[in-house]
Amino acid sequence: MPPLVIEPTSSDKLNVIQTQCPFCSVQCKMQVTITEPAEGSNRLSYTIEGAANAASEGRLCVKGMNAHQHATSTERLLHPLIKRGGKFVEATWEEALRTIRDRFQATSQTYGPDAVGVYGGGSLTNETAYLLGKFARIALGTKYIDYNGRFCMSAAASAGTKVFGVDRGLTCRLADIPLAKCIILAGTNIAECQPTLMPYFTKAKENGATIIVIDPRVTATAAIADIHLQVKPGTDAALANGLLKAIEEEGLLNEKFIGEKTSGFYELKKNISTIDIDQIAELTGISEADIRKAAIAYGKADTGIIFTARGVEQQTDGHMAVRGFLNLVLATGKIGKPGCGYGAVTGQANGQGGREHGQKSDQLPGYRSIENEHDRAYVAKVWGIDPAMLPRKGVSAYEMMELVHQDVIRSLFVMGSNPVVSNPNATLVEEGLAKCEFLVVADMFMSETARMADVILPVTSYIENTGTLTNLEGRVLLRESNVQAPGGTKNDWAILCELAALLGHESYFPFQNAEQIFEELRVASRGGLADYYGITYDRLRREGGVYWPCPSPDKPSSGIMFQNFFPHPDGRAVFTVVESRAPQETPCEQYPLTMTNGRVLSHYLTGVQTRRSKTLAARNMDNFIEIHPKTAKQYWIEEGEWVVVQSRRGSFTVRSRYSDQIREDTVFVPMHWGGAQNVNRATSPELDPNCKMPGFKTSVVSIIPLRLQEELSATE
Ligand SMILES: Nc1nc2c(c(=O)[nH]1)N[C@H]1C(S)=C(S)[C@@H](COP(=O)(O)OP(=O)(O)OC[C@H]3O[C@@H](n4cnc5c(=O)[nH]c(N)nc54)[C@H](O)[C@@H]3O)O[C@H]1N2
Ligand SMILES: Nc1nc2c(c(=O)[nH]1)N[C@H]1C(S)=C(S)[C@@H](COP(=O)(O)OP(=O)(O)OC[C@H]3O[C@@H](n4cnc5c(=O)[nH]c(N)nc54)[C@H](O)[C@@H]3O)O[C@H]1N2
Ligand code: SF4
Ligand SMILES: [Mo]
């Protein structure tokens with residue numbers, strides 16, 4: 001099949017397209033220029049350039065530069081597929097949607113509406129995320145909807161809500177970063193995961209900032225650190241307590257801020273007196289001297305920002321660990337003014353917006369709560385239904401997979417996620433989906449999850465789909481498209497409207513374009529914490545991007561939050577007593593090493609898109625285990641050979657990659673591969689009780705070269 005061609009919707013000759021990168025949360029704007037094939041060739045060529053915008057300032061990273069390769073890949077799904085006799089056959093949209101309607105209705109009639117589940121994603125536009133929540137609650141009447149952002153944002157988001165009263169990724173602007181005199185980067189590898197943000201940090205350094213990185217590995221981000229705390233995985237909460245204790249001992253508390261702007265310090269102070277920095281040093285693997293040095297650097301600086309990401313958050317105490325870092329922000333009063341703040345570095349393209357408008361099990365649009373009667377009444381009125389029709393809250397993403405496994409959820413609709421690879425304890429998830437009575441997947445590609453589906457719906461890619469996305473700063477951006485949907489692909493939101501109509505709910509889903517959905521979203525979010533009412537497509541076109549909260553169409557919205565008060569009833573932010581916990585799993589004789597995991601620059605999440613880009617795939621073909629050479633030798637592991645990694649849950653096989661940039665007691669495995677190379681076959685499904693984030697980042701494992709395991713099993 002020849003490669004797809006990007007074609008205009010109008011008859012204008014299309015050679016320059018303005019779009020936005022589909023991958024991470026920076027949402028770099030870009031321009032794609034298409035050049036006609038040279039004589040004798042039938043290949044178009046694409047030139048990708050960064051376009052001016054306030055977040056990436058015109059920069060692009062290697063993923064953005066090559067995103068068009070997956071959009072134009074010959075592997076794009078172009079027609080609906082229905083599985084018949086174990087094989088996918090092409091179907092018309094009518095057939096596919098009618099099949100889905102019949103099967104969903106049958107499930108619902110036999111087992112009740114909650115037997116149909118919906119699973120969304122943080123790559124979806126605000127319009128689709130909003131509509132998916134509405135679709136689940138109105139068209140299906142199910143309480144079971146959640147999304148992959150549960151694995152991404154839930155620890156920091158819930159911590160921000162408890163402590164500040166609202167959660168927005170960054171409480172400040174990216175433009176504040178160069179103004180900060182001390183920056184803590186805890187469990188965040190910006191250099192590989194949001195590469196176009198790095199110049200903000202190097203500028204801060206040029207301005208004299210001290211940069212502190214907390215990571216078990218010397219990452220490309222740690223390379224710019226003045227102080228690198230090479231922490232034992234899973235001990236960040238303890239480390240934050242140690243830093244707090246040292247700040248207090250050094251007399252660096254901001255008593256004025258604490259008195260005027262916070263509550264709960266009395267209880268916290270009692271707790272600080274019980275903290276023993278020696279014990280913290282033992283637990284975290286960071287010396288008392290280093291803890292003190294970092295605490296003094298942050299405590300003494302006039303301005304400062306703390307960032308956390310998945311290293312800190314994907315733990316069974318991730319919520320509390322973030323609150324530990326927020327204690328430091330409040331104790332030193334570094335928030336609500338230029339050069340200060342906290343940032344949960346969001347991950348996916350719409351990691352921020354995706355968590356605000358109702359695809360989370362307990363949420364309604366505008367960050368409203370599905371259990372709050374006032375919120376229910378408001379949204380029901382916007383939707384024109386009786387509040388009693390709104391289901392109550394469901395369960396989190398992994399818990400939904402458990403319910404699939406237990407035959408409680410019998411039909412599942414997946415839009416924008418590849419759960420069979422990205423869930424912890426992936427083997428159980430795979431078993432569940434394999435026996436699920438009816439699975440529908442809306443995707444651009446035949447992902448590992450799509451392969452298991454009964455019906456696959458082919459969707460448009462970023463370049464063909466208009467909508468808004470909210471970047472890590474809380475800045476809403478409009479991505480417009482004048483590119484024709486290739487083959488029989490459809491926009492996600494259009495699929496939801498058509499399916500809702502077939503299910504008999506057309507009047508609630510009358511939308512002809514994304515802007516009409518956004519107009520309803522504005523009203524549904526009005527007065528909520530994430531208030532988008534003041535944002536319109538025209539305004540986004542004019543201003544390039546608008547921060548929420550934005551209650552008024554004609555007033556500017558500010559990037560710096562909490563300049564006067566925190567949105568708790570008393571206007572104050574809340575301190576938290578945080579336990580200095582040991583990691584959720586500690587090494588033992590059978591499983592002597594701690595395994596953590598994460599990302600590499602060239603791949604994105606489960607790799608479904610980046611593996612379809614030749615340039616990106618070529619940078620990392622196979623998965624690997626990063627291991628210290630001394631540790632490798634102890635386990636007879638040669639550089640580059642296949643290694644079996646085993647945990648209490650299961651095992652996977654990857655190549656070894658020596659690195660002296662990682663702790664000797666820790667190994668690191670990227671998350672971008674499925675099947676036999678999937679790290680999630682071994683990760684733990686234990687959830688943080690506060691937010692249901694799985695403890696992805698800390699599992700104990702054993703390792704053995706594949707050749708030795710084969711020998712061992714041959715002699716058995
Ligand atoms: N290239 C690329 N960029 C991406 C993505 C991608 O897949 N690829 N995904 C996007 C998404 S959805 C997300 S959520 C973000 C994720 O962005 P990050 O959270 O920055 O990415 P990770 O690599 O998962 O983890 C960050 C770091 O945490 C460290 N770490 C592991 N365990 C611990 C620990 O116990 N404590 C501490 N302090 N650190 C620890 C790891 O060594 C790693 O360097 O990236 C986004 N950007
Ligand atoms: N071990 C381990 N596991 C992890 C993590 C980790 O750090 N370690 N990180 C977790 C995190 S932070 C995240 S965010 C999750 C993500 O995990 P997943 O949700 O599995 O994310 P993706 O791989 O991006 O899968 C998205 C799928 O949706 C498709 N897609 C992309 N855009 C669209 C669209 O606009 N519409 C539709 N319908 N489909 C689209 C893609 O082709 C792809 O198949 O993984 C989590 N899993
Ligand atoms: S992956 Fe992120 S940093 Fe790279 S171009 Fe895309 S949005 Fe920008
Ligand atoms: Mo994420």
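In listed order, ligands and their atoms are each counted from 1.
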Using only heavy-atom distances, determine whether the side chains of N350 and N126 contain a donor-acceptor pair under 3.5 Å. yes
Residue-level breakdown please: for Q27 versus ligand 3, do any non-hydrogen atoms fall below 4.0 Å on the side chain, on the backbone, on both, or on neither? backbone
Can you check whether Q348 has an N/O within less than 3.5 Å of an N/O in ligand 2? no
I'd like to know whether ligand 2 has M153 as a neighbour, heavy-atom separation below 4.0 Å. no
Checking a contact table here: which protein heavy atom is nearest atom 30 (N) of ligand 2, and how many Å away? M444 CE, 3.7 Å
Between N418 and ligand 2, which part of the residue brings a heavy atom under 4.0 Å of the ligand: side chain, backbone, both or neither? both
Assess whether a salt bridge exists between E57 and K29, defined as any Lys/Arg side-chain N lying under 4.0 Å from an Asp/Glu carboxylate O. no
Which protein non-hydrogen atom lies closest to atom 2 (Fe) of ligand 3, naming both residue and atom, and how far is it? C24 SG, 2.3 Å
Under 4.0 Å from any heavy atom of V679, which atoms of ligand 2 are there? 1 (N)
Which of the atoms of ligand 2 are close to V459, meaning less than 4.0 Å from one of its heavy atoms? 36 (N), 37 (C), 38 (N)
Distance filter under 4.0 Å to G64 heavy atoms, resulting ligand 3 atoms: 5 (S)
What is the closest protein heavy atom to atom 35 (O) of ligand 2, and at what distance does it sit? D492 OD2, 3.5 Å
Distance-only donor-acceptor check, side chains Q352 and T470, under 3.5 Å: no
With nothing but distance in play, are any N or O atoms of S123 less than 3.5 Å from an N or O of ligand 2? no
Just to confirm my output: which protein heavy-atom neighbour is closest to atom 39 (N) of ligand 2, and how far is it? G416 CA, 3.3 Å
Flag Y604 as yes when one of its N or O atoms lies below 3.5 Å from any N or O atom of ligand 2, and as no otherwise. no
Ring centres under 6.0 angstrom apart (F201, F307): yes
Does an N or O anywhere in S447 fall below 3.5 Å from an N or O of ligand 2? no
I'd like to check whether R599 has a polar contact with ligand 2, where a contact means an N/O of the residue lying under 3.5 Å from an N/O of the ligand. yes
Charged tip of K360 within 45° of Y147 ring normal and under 6.0 Å: no
Take every heavy atom of V421, measure it against each atom of ligand 2, and state whether any distance is under 4.0 Å. no
Counting from 1 in the order shown, the ligand 2 atoms closer than 4.0 Å to a non-hydrogen atom of M415 are 38 (N)
Would you mind checking which non-hydrogen protein atom is closest to atom 44 (O) of ligand 2, with the distance to 0.1 Å? D443 OD2, 2.5 Å
Residue, atom name and distance, where the atom is the protein heavy atom closest to atom 23 (O) of ligand 2: T606 OG1, 2.5 Å
Identity and separation of the nearest protein heavy atom to atom 47 (N) of ligand 2: S422 O, 2.9 Å
Which part of F151 is near ligand 2, with near meaning a heavy atom under 4.0 Å away: side chain, backbone, both or neither? both
P195 touching ligand 3 at heavy-atom level, < 4.0 angstrom: yes
For atom 4 (Fe) of ligand 3, which protein heavy atom lies nearest, and how many Å away is it? C61 SG, 2.3 Å
Shortest protein heavy-atom distance from atom 10 (C) of ligand 2, along with the residue and atom involved: Q314 NE2, 3.5 Å
Between H79 and F88, is the ring centroid distance below 6.0 Å? no
Check ligand 2 against N680 and write out every atom of the ligand that is under 4.0 Å from a heavy-atom position of the residue. 1 (N), 2 (C), 3 (N)
Applying a strict 4.0 Å limit to heavy atoms, is A442 in contact with ligand 2? yes
Heavy-atom nearest neighbour in the protein, as seen from atom 5 (C) of ligand 2, with distance rounded to 0.1 Å: M671 SD, 3.4 Å
Atoms of ligand 3, numbered as shown, that sit under 4.0 Å from any heavy atom of F23: 1 (S)
